[in-house]
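All values below come from the heavy atoms of this structure, side chains included, with hydrogens, waters and symmetry mates left out.
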Amino acid sequence: MTHTLSLNSLCRLHTNLAEVDIQKIDEVAKNLPLIADLNRANVFIDCLTKEGQHAVVVAEAVPETAPSVYERPVAGKFVYEAFEPAVFYTLRNGKPMSLNRALTQEGKTVEQSVVPIKGFNNRVIATLIMEKDTSEVVERQEKMKTLSNTNDTLSEILIEMTENASLIPEFIGEALFFIDPNLNILYFNSAAFNLVSEVCSSECKTGNQIIEYFPCLEELFYHPEKLFMHEVTILNKVFQVKKVSLKQENPTNGAFITFRDMTELRERERELVVKSVMIQEIHHRVKNNLQTIASLLRLQMRRGLPEKSKAHFVESLNRILSIASVYEIILSNSSVDNVDILSLIEKIGNMLVYSSTDENKNISIEYSGTQLFTKSDKAVSIALIINELIQNCIKHAFKGREEGKVHVSFQQNNCEIEVTIKDNGVGYSKEAKPSLGLDIVTMMVTHDLSGQFSIERTANGTMASARFPLERGGHRD
């Protein structure tokens, strides 16, 4: 079952934005398809979540003029600062970020630009994001041709630097060289001087050719494009080398060469990817181990059991499969550790109802609710709760009846989650003998989720309700 939420629903569900702010974002979102086609890029709108630690994608547009960066829609997905720091920088500071490297949820490296969307009193309420595959070098070069309009001004500044020893470039974090058409160095800043000293163990001097210090980059220095970027590894360090050529007719014709140390950034990206892969592998092994245990139980059941023991084996088997469902959903969504609760409820409910051993009963099950994600540890507790309550309905609610209905609803009220399971069966009796299943539910809700559990008889059957906060023990998920 697929659930698609609108921008308004996502904002109300995950953010603290006022209605006037949501309307402003909605107006911007109407133009996303045009922006995406014009720039041949994926375009998104992200907002901070209620807790302020993450962001959520509330709108997106895929270009029809270029391939999409993503294989699947991402509206409703959460965004994490470790993967997309530029988004959170703009959300918190209101400053745009251009041509930053980011890592998507699908593990693809993209070139990302971010601008703030501001509401009342110039307050940042969201970010408008454009992402392009970094392999689209030609498109990036076309976009950066706008630099040619400022080349004359750059030349004048450069002349002033060389003649008056301006200190402006000394504050540039990147190593900066200015070279003439013959690759002779006309100017370098202190960062460039230190780079040459480190790489070549020699002193950088004006008049020398830059290829004396970096012979492996000769092809880049002679590249005909006005703007060209390339990553190289020098002495186990990764540098982004950028060449910006001035207009051919300019009297100070030459090019800027910058070296930006990307070593730490690339190492962090690598560590994030490795960590994600390791977590996925752990989830995969846990799922396989649970399924192995389930297979052993099935094997034991097929070899024969006393009739009194059979029901206990089935209940244990369902509990194991419910926990395994948590990891199956994580792996199927290519998520690191997030579980879609509604999908989890549907998976467990369908498994229990359609695998029921009582062929004389026709039991149907329905679901309703909103999409919400949580971490795997909390999802395991929710899975066991859902398993016990639905299993309780199947086992006790429809005694003496040929058919029955179960309805499972899942919703978020402010900072609280409520799961309700209703049936149209014979009705719950308070005098009923205590069961292990309800004891498990009470323990999970009370101790693991810091919530409340209730079960009561209704005019049409039984209603069981579990309510628990989004946060547990004062720590945000």
Using the side chain to side chain contact (heavy atoms under 4.5 Å, CB included) criterion, which residues pair with [X]? Sequence neighbours excluded.
X	result
E19	R12, I22
V62	N42, S68
R260	E174, Q240, M262

Do the two ring centres, one from H14 and one from F78, sit under 6.0 Å apart?
yes
Intermediate values then yes/no, salt bridge (Lys or Arg N to Asp or Glu O under 4.0 Å), K132 and E111:
CA-CA 5 Å; K132 284 188 176 184; E111 186 180 81; over 6 Å; no
List the steps and the verdict of side chain to side chain donor-acceptor pair (under 3.5 Å) for E131 and Y70.
CA-CA 10 Å; E131 291 184 356; Y70 294 82; 2.8 Å; yes
Side-chain donor-acceptor contact under 3.5 Å, Y428 with D423:
no
Side-chain donor-acceptor pair present, E418, S465, cut-off under 3.5 Å:
yes
Applying ring pair (Phe, Tyr, Trp, His ring centres under 6.0 Å), run through F83 and F88 and close with a yes or a no.
CA-CA 10 Å; F83 290 89; F88 289 83; over 10 Å; no
Ion pair check, [X] and [Y], cut-off under 4.0 Å:
X	Y	answer
E225	K243	no
E388	K395	no
E27	K24	no
R123	D21	yes

Might you work through the salt bridge (Lys or Arg N to Asp or Glu O under 4.0 Å) test for K237 and E264, ending with a clear yes or no?
CA-CA 9 Å; K237 286 190 174 183; E264 184 176 355; over 6 Å; no
With a cut-off of 6.0 Å (strictly less than), are more than 12 heavy atoms of other residues, nucleotides or ligands near CZ of R467?
no
Taking it one step at a time, do S6 and S9 satisfy side chain to side chain donor-acceptor pair (under 3.5 Å)?
CA-CA 5 Å; S6 66; S9 298; 3.0 Å; yes
